[in-house]
There are 2 protein chains.
Amino acid sequence: MTPCDLLIQCRWCIPVAPSGTVIEHAAIAVTGERIAGVGPRAEVEAGFSSETVVDLGRHAVIPGLVNAHGHAGMTLLRGAAEDLPLQEWLSEVIWPLEAANLSREFVRDGTGLALAEMLSMGITTFSDMYYFPDEVARCASRAGMRAEVAFPVVDFPNIWSRSADEALHKGMALHDEYMSDSRINMVFGPHAAYTVSRGALEKVAMYAEELNRPVQTHLHENAAEVAEARSRVGQSWIYYLHDLGLLSPALQAVHMTQLTGHELDLVALHNVNVIHCPHSNLKLASGICPVERLTEAGVNVALGTDGAASNNALDLLSEARLAALLAKQTGGDTTRADAPSMLHMATLGGARALGLDEQTGSLEPGKLADIVAFDLGAPRFVPVRDPVATLIHGAPAGAASHVWVGGRCLFDDGAYTTLDIDAIGARAERWRDIAH
Amino acid sequence: MTPCDLLIQCRWCIPVAPSGTVIEHAAIAVTGERIAGVGPRAEVEAGFSSETVVDLGRHAVIPGLVNAHGHAGMTLLRGAAEDLPLQEWLSEVIWPLEAANLSREFVRDGTGLALAEMLSMGITTFSDMYYFPDEVARCASRAGMRAEVAFPVVDFPNIWSRSADEALHKGMALHDEYMSDSRINMVFGPHAAYTVSRGALEKVAMYAEELNRPVQTHLHENAAEVAEARSRVGQSWIYYLHDLGLLSPALQAVHMTQLTGHELDLVALHNVNVIHCPHSNLKLASGICPVERLTEAGVNVALGTDGAASNNALDLLSEARLAALLAKQTGGDTTRADAPSMLHMATLGGARALGLDEQTGSLEPGKLADIVAFDLGAPRFVPVRDPVATLIHGAPAGAASHVWVGGRCLFDDGAYTTLDIDAIGARAERWRDIAH
């Protein structure tokens with residue numbers, strides 16, 4: 001009998017790997033920040049004992065969800081502009097609001113609000129691309145969450161950098177600073193091919209390869225962007241990034257709603273990761289990422305919420321549900337995007353996109369104890385025949401009951417252990433009536 | 001100062017009529033089963049006083065949601081068959097499960113579960129089409145909810161009727177029985193043009209007109225159904241129903257994902273009501289109801305959850321959110337299906353479809369006090385700039401805090417006042433492992 005630090009007993013355990021497995025009446029043993037054992041309760045409890053036992057008799061337990069794309073600071077802009085034409089939304093509301101209000105405090109308050117929301121949704125790892133990435137990293141680190149911080153690289157002067165060169169310089173300094181923090185990954189975040197010069201993108205490609213770091217960028221979000229590429233560089237942005245050597249397994253291409261057959265082949269050939277943000281794409285009428293065509297071609301697809309200004313929730317299971325519904329309808333085939341595939345996309349697929357799939361994304365001995373529980377006892381889930389489908393299709397917004405990151409409980413039966421939720425709410429409210 | 005039975009104070013009141021109105025720091029006065037006053041708190045409290053005051057300082061208060069199409073009994077079949085081809089789903093799982101298990105107890109237990117879920121989602125009025133409509137009416141009446149019970153008319157013998165004639169006979173007897181129950185409306189529910197003979201549909205048309213009662217039917221759910229019509233009756237089902245005199249303001253046409261321009265004109269000309277069930281339609285890869293084309297033509301559109309076997313939640317605000325996203329994307333226009341229009345569709349549009357818009361669907365003096373409150377204080381809603389958009393796009397599943405139907409509180413800060421939720425859950429669980 002090996003002592004361990006924590007035993008979680010649950011009605012259903014869905015480890016994601018091996019795929020398709022559901023263990024009823026299961027237990028998970030945690031030692032330090034890692035999983036020591038997973039399996040039927042009798043088996044696990046024959047091998048492990050702990051003074052700390054959490055009994056979740058009505059719950060499904062899954063790997064922590066991975067939100068592979070977002071802008072946490074923008075949570076303060078939730079609802080600031082609804083139902084406007086896209087260009088007006090951006091140039092007359094979002095950008096002026098940012099220009100007039102962005103500050104380190106704005107990012108701190110918005111990120112705090114986003115962390116609270118994401119934890120309540122069962123997200124343990126998130127990727128973020130926004131100004132003051134050092135502040136985002138600090139907030140995530142203090143809260144105990146796992147984060148990929150994509151420091152923003154853009155040509156235009158902004159509150160964090162006067163030029164792309166300065167952004168690269170500051171970002172790489174942050175990368176060094178966070179080398180020793182195992183939960184924070186600093187990666188390159190060139191905003192988009194249309195906002196970063198060719199020279200700066202070449203530097204991103206070079207440095208990212210030298211440092212062996214991922215690169216996240218917005219790519220082919222909508223048809224206007226692709227049309228602009230043809231007039232500006234004579235080819236689509238995907239071909240353009242290919243010429244720059246940026247198509248690789250290190251690339252996280254966000255949105256990708258527009259894809260010709262040849263572009264899809266190129267993406268598959270270079271093992272690019274695609275981040276699908278269905279709510280934001282529909283709300284901004286940008287298009288629909290062809291998830292089924294991509295997965296059939298062997299491309300890894302992850303899910304992202306994008307920012308709350310265009311969503312308006314940071315609810316990854318809701319993204320998985322919408323992605324499944326869209327794939328069924330656009331494919332004209334109800335068997336597509338089945339619930340286990342979508343849960344994989346929301347967990348291990350996300351971890352793989354972020355280069356973290358050897359560490360998190362599934363419940364397996366040796367992996368980090370990033371674990372989430374959902375109480376499936378509410379009337380809207382009953383009767384639970386298929387807990388995977390219940391999670392994906394059962395509208396579980398805000399339903400996570402417990403969240404552990406690296407074995408540490410950050411959300412304990414609805415209560416935050418590292419966040420002062422009242423202070424976060426009060427600080428967020430102060431930004432409600434900002435003007436541009 | 002007029003005494004009243006209940007004063008509800010709230011942060012935001014969204015009465016739906018007049019359209020586009022949001023009253024901050026509002027109050028609603030209720031006398032008996034009706035609304036006596038609505039407006040800014042100071043104004044209402046200058047006119048009305050009550051010993052019962054409910055203070056909802058972080059809440060948005062709206063008219064009760066109207067779920068215009070569902071099969072409450074089928075809530076017991078939630079998750080029974082996921083990700084199967086449509087025909088296999090129906091003929092190898094759902095129908096055999098019903099054939100082997102349907103009984104009065106099944107309908108009672110499934111309806112009880114559905115009522116509990118719908119109340120928690122803020123639904124005060126629902127339409128239902130299922131076997132044992134007398135049991136559905138009894139459950140709704142006991143729970144205090146408002147229901148349109150569309151008694152099912154089909155040719156094939158089933159557990160409730162041996163023939164369409166018997167179904168009509170039993171249904172009209174029920175209509176007489178419930179004449180004096182102001183909360184229960186018995187209406188005609190011919191299942192679909194392809195399951196009811198021409199002769200029986202002619203009788204439905206005749207009796208419905210004589211009794212001045214609505215008719216609800218599934219119509220143009222998917223392309224296969226329309227193709228079948230051409231081979232069976234030489235025209236689409238919409239033209240076929242038109243020939244039978246069934247296109248009228250009394251008709252509630254459910255689904256309508258396939259519509260030619262001429263069919264749409266016909267629907268508009270006859271003021272047919274259309275019930276849009278977006279989650280079910282996408283999950284079964286049936287198509288997308290052209291909401292924008294319909295509303296531009298002046299057609300009243302309502303929302304329905306359909307049954308939990310194809311959804312899997314009875315969450316009307318989630319239907320409104322998905323309907324908005326689909327309209328924006330398919331129209332290529334972010335200004336379409338704005339949040340106030342979608343809230344109207346989920347409330348007053350539903351009431352109008354059910355012929356109840358003079359009684360419910362908006363918060364106006366003289367109307368029934370069907371009132372719902374949502375607590376918008378959770379991190380996922382903050383900051384609330386636009387409470388209407390927050391409700392539609394903020395993923396509020398299960399978030400209703402208070403529900404009143406006809407002035408009676410049925411859901412009091414998350415607690416059911418007329419339903420024994422533990423007994424309902426236990427009874428529902430007993431049907432989990434049924435086989436066919």
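So you know, we letter chains A, B, ... as the sequences are listed, proteins then strands, and number each from 1.
- In the model, His255(A) has a side-chain atom that pairs as donor or acceptor with a side-chain atom of Asn281(A) under 3.5 Å.
- Residue Ala114(A) does not touch chain B at all, counting heavy-atom pairs closer than 4.5 Å.
- Contact of Val384(B) with chain A is made through the backbone alone, with heavy-atom distances under 4.5 Å.
- Using a 4.5 Å cut-off between heavy atoms, Ile434(B) contacts chain A through its side chain alone, with no backbone atom that close.
- In this structure the side chain of Leu284(B) never reaches within 4.5 angstrom of the side chain of Asn222(B), judged on heavy atoms.
- The most heavy-atom pairs under 4.5 Å with chain B, out of Lys328(A), Glu82(A), Arg78(A), come from Arg78(A).
- The contact between Ala337(B) and chain A is made entirely by backbone atoms, counting heavy-atom distances below 4.5 Å.
- When the candidates Glu88(B), Arg432(B), Glu117(B), Met118(B) are compared by the number of heavy-atom contacts under 4.5 Å with chain A, Arg432(B) comes out ahead.
- Heavy atoms of Thr330(A) lying under 4.5 Å from chain B are absent altogether.
- Of all the listed residues (Gly287(A), Ala428(A), Ala223(A)), the one sharing the greatest number of non-hydrogen pairs under 4.5 Å with chain B is Gly287(A).
- In this structure, chain A has a heavy atom under 4.5 Å from the backbone of Asp333(B), while its side chain stays farther away.
- Annotation: maximal heavy-atom pairing with chain B below 4.5 Å, among Leu326(A), Leu322(A), Leu77(A), occurs at Leu77(A).
- Expressed to the nearest 0.5 Å, how far CD1 of Ile288(A) lies from CD of Gln258(A) amounts to 10.5 Å.
- In terms of heavy atoms, Pro278(B) sits closest to Leu303(B) at CD-CD2, 4.4 Å.
- At a threshold of 4.5 Å between non-hydrogen side-chain atoms, the residues Leu65(A) and Met121(A) do not count as touching.
- In this structure, no portion of Ile424(B) lies under 4.5 Å from any heavy atom of chain A.
- In terms of the salt bridge (charged side-chain N to carboxylate O under 4.0 Å, His left out) criterion, residue partners of Asp375(A) (sequence neighbours excluded) are, by chain and number, Arg58(A).
- Contact tally against chain B (heavy-atom pairs below 4.5 Å) for Val388(A), Thr335(A), Asp83(A): the top residue is Asp83(A).
- Using a 4.0 Å cut-off between charged side-chain N and carboxylate O, Arg108(B) and Glu105(B) make no salt bridge.
- Taking chain B as the reference chain and counting heavy-atom pairs below 4.5 Å, the highest number among Leu76(A), Leu282(A), Leu314(A) is found for Leu282(A).
- Interface summary for chain A: among Asp386(B), Ile421(B), Asn312(B), the most heavy-atom pairs under 4.5 angstrom belong to Asn312(B).
- Side-chain contact between Thr295(B) and Glu292(B): present, with at least one pair of heavy atoms (C-beta onward) separated by less than 4.5 Å.
- Leu115(B) has its side chain out of reach of Thr418(B): every pair of non-hydrogen atoms, C-beta onward, lies at least 4.5 Å apart.
- Under the salt bridge (charged side-chain N to carboxylate O under 4.0 Å, His left out) criterion, Arg430(A) pairs with no residue at all, not counting sequence neighbours.
- When each of Asn311(B), Leu325(B), Thr75(B), Asp433(B) is scored by its heavy-atom pairs under 4.5 Å with chain A, the top score falls to Leu325(B).
- Interface check for chain B: of the options Arg336(A), His279(A), Glu429(A), the most heavy-atom pairs under 4.5 Å are formed by His279(A).
- Proximity to chain A is limited to the backbone of Leu84(B), based on heavy atoms less than 4.5 angstrom apart.
- Atoms CG and SG, from Leu419(A) and Cys139(A) in turn, are 9.5 Å apart once rounded to the nearest 0.5 Å.
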